[in-house]
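First the structure, in the form of structure tokens, and then the observations on it.
Within every chain, numbering begins at 1; the chains are lettered A, B, ... in the order of the sequence lines, protein sequences first and strands thereafter. Everything numeric in this text was worked out from a predicted model, so none of it was measured.
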Amino acid sequence: SFNSSHARKIKPDKPCKHLTVYYHDILFNGTNKANATSAAAANPTQLGNTNFGMVVVFDDPITKDQHLLSTPIARAQGFYFYDMKTSYNAWFAYTLIFNSTEHKGTINIMGADMMGETTRDLSVVGGTGDFFMARGIATFRTDTFEGTAYFRLQMDIKLYECY
Amino acid sequence: SFNSSHARKIKPDKPCKHLTVYYHDILFNGTNKANATSAAAANPTQLGNTNFGMVVVFDDPITKDQHLLSTPIARAQGFYFYDMKTSYNAWFAYTLIFNSTEHKGTINIMGADMMGETTRDLSVVGGTGDFFMARGIATFRTDTFEGTAYFRLQMDIKLYECY
Amino acid sequence: SFNSSHARKIKPDKPCKHLTVYYHDILFNGTNKANATSAAAANPTQLGNTNFGMVVVFDDPITKDQHLLSTPIARAQGFYFYDMKTSYNAWFAYTLIFNSTEHKGTINIMGADMMGETTRDLSVVGGTGDFFMARGIATFRTDTFEGTAYFRLQMDIKLYECY
């Protein structure tokens with residue numbers, strides 16, 4: 001009988017499913033309604049000057065390559081907020097929503113986006129549809145960061161529990 | 001030895017625990033303090049006119065049947081926000097809190113509520129007490145939607161990991 | 001073959017990893033910029049007078065003992081909000097970030113903080129680095145609560161899935 005409170009073996013370099021995608025975020029600035037994909041639900045507080053407390057809700061396109069205008073293969077819906085008073089640093093919770101012939105279903109992700117690090121790992125905490133009950137790691141890498149106006153993240157999604 | 005990075009078998013129609021409940025949300029409008037169960041922590045942004053960026057915190061009754069005034073069997077505490085600029089669409093993270101002779105414990109849920117779909121699946125990402133370490137799927141179905149004033153969701157909770 | 005939709009055995013008193021830490025939160029009040037570790041992204045609503053709807057973003061020190069000024073062993077980054085109209089009650093989602101010789105990696109946690117209970121259990125929904133793919137329970141106990149100005153929680157982190 002299997003006791004999952006004991007150590008199990010999963011090799012981080014052997015995911016059962018692996019997707020590399022790009023996330024594009026264009027913040028609403030009051031005049032870019034047609035292009036904006038996210039908006040500040042709460043403005044930055046006065047604690048420091050790196051947007052501490054700014055909460056951004058997004059419905060962002062996900063593409064296979066780096067091009068903003070490529071046909072999206074998914075949407076990313078969720079939110080992030082800035083949470084450091086001395087530098088830009090964020091926290092994310094969101095859902096990747098796939099609805100194509102290739103993939104149907106969702107992947108739910110949360111964790112810290114330590115923007116100062118080259119790569120940072122968040123948790124894939126669940127999935128539905130083609131990703132039923134999935135768990136894993138989502139590795140963020142900043143691909144470009146033009147202040148809050150536009151940024152692009154590479155998201156490397158590695159699932160270690162597949163059903 | 002079991003390597004969980006390989007595919008495992010779970011049948012979506014064979015949960016180890018199954019609960020069907022109803023969630024009732026009455027948004028505070030400034031004058032319904034006695035009845036309101038939720039309130040807007042952040043107002044809608046100007047990005048579209050379907051409440052994009054509106055963040056709602058809730059402490060909502062959960063009942064076994066569809067009647068708002070039935071004795072609650074649990075509370076749902078958490079938040080949702082609207083996140084689409086062309087139609088109503090939401091994202092939820094919350095805890096179902098049971099404290100009765102039948103069930104004691106919590107179930108933690110997050111995911112996208114694609115309100116345009118008849119049913120949509122969110123992830124049960126954890127549980128405590130009677131639901132210790134649970135995982136599964138929460139399927140939402142809109143039972144009634146009277147704008148933001150009152151809406152009722154059927155939540156079909158299927159757990160596939162029970163301990 | 002293992003069917004995880006059947007009941008598995010994990011003993012709540014036999015975690016595979018166990019950490020007891022302290023969380024210190026000092027809310028920004030407009031004048032304590034140097035010491036503040038959190039700030040209100042959204043102010044309380046008018047629904048009751050126990051801060052319903054107040055959303056707080058934090059970057060809080062985590063220490064091994066109860067002393068605020070001990071060298072932190074981790075940061076807790078995330079948010080909480082108050083969600084009850086008749087008493088103080090909260091909901092948390094956050095990441096514990098370890099970056100020391102002892103531990104490198106993150107632990108992701110979410111759940112209800114029923115402040116009226118002596119202890120309350122939240123879910124550890126994932127981890128990265130040294131805590132790769134972890135799951136478990138985080139038990140909160142209020143150690144001191146000086147209104148919103150300063151509070152300290154004991155967090156007892158028990159992991160039941162270790163890799």
Side-chain angles (χ1 to χ4, degrees), chain A residues 1-12 40-56 79-87 89-93 108-114 117 119-126 133 135-139 158-161 163, chain C residues 2 4-5 8-17 27-30 32-34 36-43 55-60 75-79 93-97 99 105-110 123-129 131-136 158-163:
Chain A
S1 156
F2 179 71
N3 184 337
S4 74
S5 78
H6 283 79
R8 290 194 260 177
K9 285 195 188 70
I10 296 182
K11 292 186 180 156
N43 290 318
T45 68
Q46 297 303 309
L47 186 57
N49 50 20
T50 47
N51 290 346
F52 195 110
M54 182 186 188
V55 178
V56 176
F79 76 119
Y80 60 82
F81 51 81
Y82 292 94
D83 62 3
M84 200 177 277
K85 61 183 178 180
T86 53
S87 61
N89 195 71
W91 194 91
F92 276 72
N108 289 309
I109 296 170
M110 69 178 253
D113 176 18
M114 295 163 279
E117 305 292 320
T119 63
R120 47 274 182 191
D121 289 344
L122 289 79
S123 291
V124 175
V125 297
M133 293 287 288
R135 294 185 72 229
I137 303 287
T139 302
K158 288 149 290 180
L159 304 182
Y160 298 99
E161 298 192 12
Y163 294 93
Chain C
F2 178 70
S4 74
S5 78
R8 290 194 259 177
K9 285 195 190 70
I10 295 181
K11 293 184 180 156
D13 61 343
K14 301 275 187 194
C16 47
K17 200 169 282 187
L27 187 66
F28 181 51
N29 63 14
N32 60 346
K33 209 173 271 199
T37 62
S38 68
N43 290 319
V55 178
V56 176
V57 169
F58 58 80
D59 174 15
D60 281 356
R75 307 296 299 182
Q77 296 183 344
F79 75 120
Y94 66 104
T95 303
L96 291 176
I97 303 171
N99 187 14
T106 71
I107 295 176
N108 289 309
I109 295 170
M110 70 177 252
S123 293
V124 175
V125 298
T128 69
F131 307 100
F132 177 69
M133 293 287 288
R135 294 186 71 230
K158 288 149 289 179
L159 305 181
Y160 297 98
E161 298 191 12
C162 302
Y163 294 94

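Looking at C:I109, the atoms closer than 4.5 Å to chain A (heavy atoms on both sides) all sit in the backbone: N, CA, C or O. Using a 4.5 Å cut-off between heavy atoms, C:A93 touches chain A through backbone and side chain atoms alike. Proximity to chain C (any heavy atom under 4.5 Å) is shown, for A:P12, by both the backbone and the side chain.
Contact record, A:I10 with C:Y163: CD1-CE2, 3.3 Å, taken as the closest heavy-atom pair. Shortest non-hydrogen contact noted between A:G53 and C:A41 is O-CB, 3.2 Å. A:Y160 and C:M133 get closest at one heavy-atom pair: CB-CE, 3.8 Å.
Contact check for A:M84 versus C:R75: no side-chain heavy atoms found under the 4.5 Å cut-off. Using a 4.5 Å heavy-atom threshold, the side chains of C:T37 and A:K85 count as separate. Using a 4.5 Å heavy-atom threshold, the side chains of A:I137 and C:F132 count as touching. Between A:S123 and C:V125 the shortest side-chain heavy-atom distance does not fall below 4.5 Å.
Under the ring-ring contact (aromatic ring centres under 6.0 Å, His included) rule, C:F79 has a single partner from A:F52, A:F79, A:Y80, which is A:F79.
The line from CG of C:D59 to OG1 of A:T86 is 7.5 Å long, rounded to the nearest 0.5 Å.
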